[in-house]
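Before any comments, here is the structure.
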Amino acid sequence: MTQILFKDINKKNLHTMKVYEGIGGYQSLKKAFSQKPEEIVEAVKASGLRGRGGAGFPTGLKWSFLAKDVFPRYLCCNADESEPGTCKDRELLLKNPHLLIEGMILCSYACRIETGYIYLRGEFHDLSLIMDKALDEARAKGYLGKNILGSGFNLEIHTHLGAGAYICGEESALLNSLEGGRGEPRMKPPFPAVEGLYSKPTVINNVETLCVVPYIVNEGADKHAALGTEKSKGTKLVSVSGHVKKPGNYEIELGTPTSELIFNMAGGIQNDNKLKAFIPGGSSVPMLPADKVDTPYDYESLAEAGTMLGSGALIVIDDSINIVEATLRLISFYMHESCGKCTPCREGTRWLHQIVERIMQNKGQLEYITKLEDICDNMAFKAFCPLADACVAPVVSSIKYFRSDYEEYFKNVPAGVAR
Amino acid sequence: MSDVTLTINGKSVTVPKGTKVVDAAKQVDVDIPVFCYHEKIGPLGCCRMCLVEVEKMPKLMTACTMDVASDMVVNTLGDKVEKAQKGVLEFTLLNHPLDCPVCDKGGECPLQDNTFKYGPPDTRMEFHRANNVKATPLSPVITIDRERCIACQRCTAYSERIEQDCGLVMLNRGFHNEVNTFNNEPYDNRFSGNVIDICPVGALTNTDFRFKARTWDLTNQDTLCANCGCNCNITFGTRLNEFMRIEARPNDAVDDGWICDKGRWGHDFVKNKNRITAVRENNIKDTKPTSLPNFPIDTPTAQAAEKVVEAFKKIADEYGPESIGFLGSPYATNEESYLYQKLFRLLGTNNIDHKSYLDTPGLPIDHYDIEQIESSNVVLLIASDPTEELPILDLRIKKAVSRCGTKLICLNDQGTALDKYADLKVKYKVGSEADAVDALAKGLAGELGESTDFSSNLSQTGISNDEMKSLVEAVRSSMKICVVYNPAALSGDTALRVKRLLSIITKIPTIECGAIPAAPATNAVGAMDMGLVSDFYPGGVSVSDGEKVKELWGETAPTKAGLTALEMIAKAKSGELKALWVHRSNPVVDFPGRAQVVEALKNLDLLVVHDMLETETTQLAKIVLPSNGPGFDEGTTTNIGGRVQARKKALDSNSIDDWKLISVMLKRLGDETDYSRVAKVLDEISKKVPGYQEINSRLVGKLGCNRGQVSNEEVSPGNGKGAQSSDGKLRLRLAKYLFAHDKILDASSTLAHHFKSSSAFLNEADAKNLGIANGDIICLSGNGIEIDAELTVDNRCMAGGVVMPKVSDEQGINGLLKLDGSPTWVDIKKV
Amino acid sequence: MAKYKFTKNQEKEISGILEKYPVKTSALLPLLTLVQRSDQLVSPEAMVAIGEKLDVSPAYVQSVMSFYTMYHTQKVGKYMILFCINISCQLNGCDKLLEHTARKLNIKVGETTSDEKFTLHREECLAACTEAPMMRVNDTYYGNLTEQRIDQIIDSLD
Ligand SMILES: Cc1cc2nc3c(=O)[nH]c(=O)nc-3n(C[C@H](O)[C@H](O)[C@H](O)COP(=O)(O)O)c2cc1C
Ligand code: SF4
Ligand code: FES
């Protein structure tokens, strides 16, 4: 299988300039600077690359939305990586920081950006040091700074650490956080491409997305477009975790069956238990039952199956646990991470939590299930940002596929609890 | 701006581009429920109460965040929206106590109303509600009940976007968020009270009003705040003729929907124990015999007034009309001031004034409304400190700067809180405003082909050539400028120089311009307009314009300029002025030379004071007449923006209305005009006063209307020079603070936390020379008196000056000034 | 309130941080982090000082700070143990391990040991799910935890 991002990932000292250049690192710059910026945007469009951060928005198209003739513009690399189950960006940053820098330089050149920030979640302090070091190396080599490689193009990139808030992965909350505010999402429109950081046109891309760009520039858009499926082009890093024998980040061509990831790459289910469910794209997407395990891992097929590819985090659940347990854990996460700005999310997440907790204490009533569904309906697509929808996803899908797991808890309701 | 046509619930509506759907809906009487949205604060999108269906959009949309678009089809009815509304309300009510019967907001609560109209029949919440804290103080005047808070964030957004101090914030996140201040300190800026009005539930309440009355038992009068020249619109709530509370009553042209805390809580005077409620004759030992009969106790005020005015007539007959004078009030209504000037001119004198500084009526350019600040490219503040003097003007300027792209320029002798919003700050030395203003005028005259050399003016001012150049350039290139100046803070004849500057600006063809004369007193503009000045009849008609005067005021109307207020006091001292009538004024505290004023007033044969509260001046009066101040009175006032608005009676008093009392006296002097209602006075004003021609009570209505231009006679300033250095002494600049410990805000006031102690602000250089430091207690001496103050060394003014705010009546700071109004130099030593 | 003083070194670092941004307030999180790294908490005095540096009100500083979970207003132990309890770790038995850790340290989750050496907190996903169960001690990630490994790690910290 073709590997774009992980080809050399385990090469020793890949994080150093020397080794990185040794495998052809930063070669794409010369090629890029010989083209007009717009040509690169076109190439990225043609490559079919879609955002790897969660929403899967076509990257080239996003770049072309920047407000015309408004400068300065900014690039923000989203290295918040806070979607439960996801840990692919961390591996890229840890082992191959220069790839990201190269990608950011290309994006900045293509979009006429002179300042870039890498927004790392606060917990990534160690990575920020690695990144800073790599940035210093790139600066020393003249890949950053003024008049890069004599092209007349200037670029500075800085790291910026968050301080513990999942919502800061949402792009507009990220901007608020980077501006020194509370990480609450912003109203859209205006979209960041029009009014982003400091109210200026801003590109926000995920680490993985930006890391693909050097390949596109080096090898050509066609080569990238030839990978994957008709509509889901290229490769994807998938973090496989949970009840698997060999959890890890695996790079696959989009369209590879999910079962391949679980049973082959990740070595199958722990203790040879039975697969019960899997969450294909990070905790925010609906889970699927075992019988959907052959669904090809690409945007369209997963959507057709009623879920999403999301950030590419495949969480595998075997039959050793009751799904409600896992669901409660996820609700608890969203309750904890709700920024509190809007009512349905702030109140809804907590209410769902109260109800499911009560169910798990064997104090529930059968009507609770209908009530959960109704509360979810009142939350879904009515909140300020998608966090509320994310909280609803595991609840609705767990009820849909594993209603019997809920019913387990109603069996031994102790006497005296109101019906 | 172009218009957009859309359809809401099948009704077509056309609104300006940029309008939010929620506001467009109002135009066609479609009610979209909201909690977090407030037109003046702007969209937040927090509460999700305003969800509506928009054709071609898969999700419901929030009407408060959504701009209208042409051909948009909005639907606020139907199952989908209804379910969403019920759902959102259910979430909103989850942790909100159902204590409406005891909640202060009950009866006027958007949450209660929305629940009633759109809510679910009952709650499905069977768990314990969050245990948030019940009522606790958020400040000395505001109570917060976090249990009731629905986290709509109106209040915190207000703090961030409107008052802009960011004192009230949301702490924590998610379900744990709470409205709070830094480190639990009080939220006590000048505009804090507005959060009470905007909180859509009973979470933020007026501590003073809590438990006093149910909202539906209140009688609400739409009237005006009388604390400063902004004349913000308020609702004055009473119950059984007792004051209950004040709320903002939005008027875009004036207050933009906000009032300051002085307006909300500075109302102690209505029940002050020092209120004058009956006519009184003081037993003043030294007074010379007058022909006034002794009043028996319980003499009706009107009867006493008739006798007193007769006594004035007698004195005028005996010693000539120059021997009597009238000191009017910049706080009185137009009707009162108009009638009073009429009365005294009928007595044959032009010894009429209301102020201790020099100024003339009218402007040589447009008089801008406060609202026009928003549409100006540049606001030039001259010697004005809106934050301390006219708080609502401060909010408007901040709004213009932060949201309308307006640039602020400050030309002042002291630093102010608005400086941080300024694009350009030019500071001149205390007392050198005449030169500073002249230099700017000269620089601009260059545009008109006149001499531009302003360097000779600058030497005394401390302004550098480059600074003045950039100031000139900023004004010259402004395209549209609004000049806001405070005549009361300008020394000598600088007010006239400002007018000369204004007439130069108006001649520059590329500039559209207007001005706001921003004297702090409530009706300073009205007092000028109504002719409470020694050299102008109402409407800026000069006393020397014999023909016009005769035409309007009759053959016998005096045409010789009278004495100014300060001259009257000087003549009282010399014995040439025999009788003085003071209306709602306290010269002992407010005029320069406290001790000298007292001495002069004591020397009068007859001093009459017509006031609402006992003051240092009433103590010196032979006769004290009760006046009905704000709350009790009615009439119109003209704010700094030239807007004429109606002050309404909210409380009944036992005293006769001031205008009525004056009309009784007029009648006694033979004036036969029918003044049966106060509106009749306004009718006469509209006939007699240039600028007020069209104005009548119907036009004034609830929101007021702008008066026209009053005549502006060009009076040339003298050649007086500004600050001359006077052997090492420091030139004193008094600063006026609205939130001061005075007759309105006494010691027991709920706003006492705003009182400052006596303090003086000095430049580093001077402090160093004098060997004194921050925090030292110093003693300022001048005019034969000494006043202690705590020193702040902060470069608020340039070297050679000292700024001292008037923080209380007790402080006696006016005693440092010379009675003749000439420059004041003080010595400073460490105590 | 006593005045908070930044050290000379901190002042230098602060200037460096400020250079990264065209708008000062962007430095808010970095400054809070800087203070916390030296004081193990952010005191109200420090909030005032940071506010002054960046021209924002202390209330604003507190509002922003209280939004993020990594800042503390109470002193925490020398070692801050953040134990991930999110789904991948849950599936791999983190609950039992967390209990074990608490027992070993003889504190409840959320508490600090009496010698102020360790503070133990539950933490949401730390982006190391493929190494679940995992925890973070100060800046270091430890994955594939077992009871023995936890004991070893804790014992090796001094
Ligand atoms: C609640 C929420 C959390 C998110 N967290 C992340 C994240 O941690 N990392 C990320 O790259 N994108 C995250 N996203 C997606 C971003 O908003 C944004 O779509 C993405 O960074 C765009 O980059 P891309 O086009 O390269 O994917 C999140 C979105 C939401 C709604
Ligand atoms: S206190 Fe009132 S205005 Fe402020 S957030 Fe709560 S409900 Fe809204
Ligand atoms: S009024 Fe629209 S979201 Fe609150």
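Below, chains carry the letters A, B, ... as their sequence lines are ordered, and counting in each starts from 1. Note that this is a predicted model, so its numbers are computed, not measured.
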Checking [X] against chain A: side chain, backbone, both or neither under 4.5 Å from a heavy atom?
{"X": "K83(B)", "value": "both"}
{"X": "L171(B)", "value": "backbone"}
{"X": "P58(B)", "value": "neither"}

So what's closer than 4.5 Å to chain B heavy atoms on [X]: side chain, backbone, both or neither?
{"X": "E184(A)", "value": "side chain"}
{"X": "A383(A)", "value": "backbone"}
{"X": "Y334(A)", "value": "neither"}

query = Below 4.5 Å, heavy atoms only, C-beta onward: do R182(A) and V169(B) meet side chain to side chain?
reply = no

message = Using only non-hydrogen atoms and a strict under-4.5 angstrom cutoff, which residues of residues 61-68 of chain B touch chain A?
response = T65(B)

Near [X] [atom1], under 6.0 Å, is it more than 12 heavy atoms from other residues, nucleotides or ligands?
{"X": "K80(B)", "atom1": "NZ", "answer": "yes"}
{"X": "K56(B)", "atom1": "NZ", "answer": "no"}
{"X": "K407(B)", "atom1": "NZ", "answer": "no"}
{"X": "E108(B)", "atom1": "CD", "answer": "yes"}
{"X": "K231(A)", "atom1": "NZ", "answer": "no"}

Option in N172(B), L44(B), N177(B), L94(B) with maximal non-hydrogen atom pairs under 4.5 Å from chain A =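 Greatest number of close heavy-atom pairs with chain A: L94(B).
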
Give me the atom names and distance for the closest heavy-atom approach of [X] to [Y].
{"X": "C342(A)", "Y": "G45(B)", "result": "CB-O, 4.4 Å"}
{"X": "P344(A)", "Y": "C47(B)", "result": "CD-O, 4.5 Å"}
{"X": "F91(B)", "Y": "E347(A)", "result": "O-CG, 3.4 Å"}
{"X": "V88(B)", "Y": "T343(A)", "result": "O-CG2, 4.4 Å"}

ask   = Just by modelled atom types, is the K382(A) backbone N or O under 3.5 Å from a matching donor or acceptor in the R48(B) side chain?
value =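 Yes; at least one donor-acceptor contact below 3.5 Å.
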
request  = Kindly say whether R173(B) contributes a backbone atom to a donor-acceptor pair with the side chain of R346(A) at under 3.5 angstrom?
outcome  = no

ask   = When you check the gap from the basic side-chain N to the acidic O, do K86(B) and D374(A) get nearer than 4.0 Å?
value =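 Salt bridge: no.
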
remark   = With chain B, the option among T349(A), I167(A), D377(A) that has the most non-hydrogen atom pairs under 4.5 Å is D377(A)

side-chain contact (heavy atoms from CB on, under 4.5 Å) evaluation trace for E90(B) with W351(A) = CA-CA 11 Å; E90(B) 185 175 37; W351(A) 198 11; 3.4 Å; yes

